[in-house]
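Start at 1 and go down the list; that is how both ligands and their atoms are numbered.
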Amino acid sequence: MKKQSLTGEVFYPSEEVVQKALVKDWEAMDVEAKRDYPGFWGKMAEELHWFQKWDKVIDDSEKPFYKWFTGAKTNIVYNCLDIHVKTFRRNKLALIWEGENGDVKTFSYFALHRETCKFANVLRSMGVKKGDRVTIYMGRTPEIMIAMLACARIGAVHSVVYGGFSVESLSERIEDSNSKVLIVSDGAYQRGKIVPLKQIADEALQRCGTVEHCLVVKRTGIEINMEQGRDMWYHELMNLPIATQACALEIVDSEDPLFILYTSGTTGKPKAILHTHGGYMVGTYTTLKYVFDIHEEDRYWCAADPGWITGHSYIVYGPLLNGTTSFLYEGAPNFPYPNRWWSMIERYGINILYTAPTAIRGLMRFGEAWVNRHDLSSLRILGSVGEPINPEAWRWYHRVVGKEKCPIMDTWWQTETGMFMITPMPCVPLKPGSGTRPFPGIEMDVVDENGKSVKANEEGYLIIKTPWPAMIRTVYKDPERYKQYWEKYPGIYMTGDSARRDEDGYFWIIGRVDDVIKVSGYRLGTAEIESALVSHFSVAEAAAIGLPHEIKGNAIYTYVILKTGIEKSTQLIEELRQHVSHEVGPIAKPEHIEFVDSLPKTRSGKIMRRVLKARALGEDPGNISTLEE
Ligand code: WT7
């Protein structure tokens, strides 16, 4: 890549960053990976431990149900913990945690391994076996990581439900996964208040009947109900003689399930995306290592929540596979003051910060002075994920936080991809708002309705052309739904995003083309919001859309038809907003509710959200020939 040949606003990496970078020549790596991508991933996999080597890197005999590293035996936890305990990393910090209230805990690799083993023994003693699903519903504390790792160690399949979800979302996910064990915390600190997680879980458990044991981590000490015979304290279980620190690791097949994670799709209920031990391990290990340029002495902070894929891949598994030191923070970025994040970066000497555009925009609002009070010179690399980053936020992040010396890794990926797909590396020239190009070994394109590549700078569907190791294996219990990703263009994976590619081959994400709304980077389905509204006695019909919002990226706007005889009132609007928050979660609370008498629908009865959106934005709704009436 020659300097002169790039168009638009370009930031070239500094000499210092490139000097240190593990990959100095992106093109060479890409060429090698393109020549033989199974060979490329096989080589990456060699860096990890396998109890038995694979017969084949990739098995495509049952497309689109691809298998990776078939015949191999492993367990991701062995590579996350056991391996390091045998080396000099034994006493290296795996995790530094700071609670919102100032509590601090640290875990060396030895300690994290010990706690994981102890808890794995607790789970085993409750009858949890390989393949069983366990639901986890907790705040951002070390125990959520311990719970995930303990499940994986014994071959159980974790299903983490983000703590920002509420009663119906939780109950639906417990029921669908048929979990017999639920792990919760009593509550979580958030902006000086306590989110009553156990109380929400109690209500969820009344709606579903699968859970036999509920294990409760005491974080806040708030008063909670402990149901006899069902609920047990984590700290008491961890003190029992069964909770020894010797715990045999379950050796699993490369393709055995590691976790399911529910995410929103176009229609209906959230789907459980299934990931497996082997390929996911290779994909997250490799991408984190090269994109965030992990060095032995680094302190890395991914400020996402473990309850989303970002947290699974790049708070829990990726960092531990790389033997790095992670930082985890429990609470809100602006508590008690807007300098909380900057203060922690200074105090802990964080080198790598990975966050979302919405957080950057939120912190930007408080002004530079809060950032400038702190010495952030430890930072070397920054990252962004979850939604397109607007160039203004990018420049602020680059200039004010990174002092113009830290490259920003704008990583595009999804719950389904498991790992970074479009991303720079520190040695690559950056354009604010673009994730640059696909990671070596990944082939992507922007195509039209017929699957043909569009011209430079034209908008089209973003697709993935070749399989990748951390790819979704199926939708749990619903393989037909998995096949839908591959149906529009046979053999090609549909991302659900629209994008364009510029004359330099840089990808620019535009947004979702389906009924998924990204609110503050959180992925929500219009169907979930609408069904929550309709579950209220006063609502006959509802439609939800996303409209641009300065900080959240998108905000939820809803249109509601009330049942006959129900009076419209501002009080009812507030009640409906609260209802959605109670059922789905505070993240789904509509920004705006408008009462209407009818909704634009197709003759077959489908709500035309596109028309609602155009109307709200004062734009031309385009083709409305299918509109009823
Ligand atoms: C959707 C996937 C994967 C981590 C968190 C999101 C959007 C994600 C970017 C980015 C523009 C992005 C896409 C994608 N998205 N990262 N860097 N630039 N858009 O995972 O909840 O499964 O959402 O998030 O629309 O399809 P997710």
When only distance counts, is T263 in polar contact with ligand 1, meaning an N/O pair under 3.5 Å?
no

The protein heavy atom nearest to atom 4 (C) of ligand 1 is T310 OG1, 3.2 Å

dist D514:CG -> T526:OG1 (nearest 0.5 Å) comes out at 8.5 Å

No-hydrogen, no-angle side-chain donor-acceptor test under 3.5 Å, W412 and D497: yes

- Give a yes-or-no answer on whether the side chains of N79 and Y285 include a donor-acceptor pair shorter than 3.5 Å. no

Note: ligand 1 atoms sitting under 4.0 Å from heavy atoms of W413 are 2 (C), 3 (C), 4 (C), 8 (C), 14 (C), 16 (N)

protein heavy-atom neighbour closest to atom 6 (C) of ligand 1 works out as K518 NZ, 3.3 Å

Counting only nitrogen or oxygen atoms and a 3.5 angstrom limit, does T495 reach ligand 1? no

The answer for which part of I309 has a heavy atom under 4.0 Å from ligand 1 is side chain

**Prompt:** If you measure every N/O of D410 against every N/O of ligand 1, is any gap under 3.5 Å?
**Reply:** yes

So the atoms of ligand 1 within less than 4.0 Å of a heavy atom of R523 turn out to be 2 (C), 21 (O), 22 (O), 23 (O), 27 (P)

Checklist entry - Does G386 reach ligand 1, in the sense of a heavy atom lying below 4.0 Å from it? => result yes

Quick look: E387 vs ligand 1, heavy-atom contacts under 4.0 Å, and the answer is backbone

Rounding to 0.5 Å, atoms CZ (F420) and OG1 (T310) come to a distance of 8.5 Å

Problem set entry | Donor-acceptor side-chain pairing of T415 and Y262 below 3.5 angstrom | no

Note: T415, heavy atoms under 4.0 Å from ligand 1, region reported as both

Separation between CG (L353) and CZ (F292), nearest 0.5 Å, reads 8.5 Å

Rounded to the nearest 0.5 Å, the CE atom of M471 sits from the CD1 atom of I273 at a distance of 12.0 Å

| message | Does either side chain, that of T7 or that of D504, offer a donor lying less than 3.5 Å from an acceptor on the other one? | response | yes

Here the gap from T411 atom OG1 to Y314 atom OH, rounded to the nearest 0.5 Å, amounts to 7.5 Å

Applying a strict 4.0 Å limit to heavy atoms, is G496 in contact with ligand 1? no

- Message: Side chain or backbone, does E416 bring an N or O within less than 3.5 Å of an N or O on ligand 1?
- Response: no

**OP:** Flag the pair Y522 / Y162 as yes when their ring centroid distance falls below 6.0 Å, and as no otherwise.
**Re:** yes

D497 versus ligand 1: do any nitrogen or oxygen atoms come within less than 3.5 Å of each other? yes

The atoms of ligand 1 lying under 4.0 Å from a heavy atom of P388, numbered in the order shown, are 11 (C), 18 (N), 19 (N)

Ligand 1 atoms nearer than 4.0 angstrom to some heavy atom of I509 are 11 (C), 19 (N)

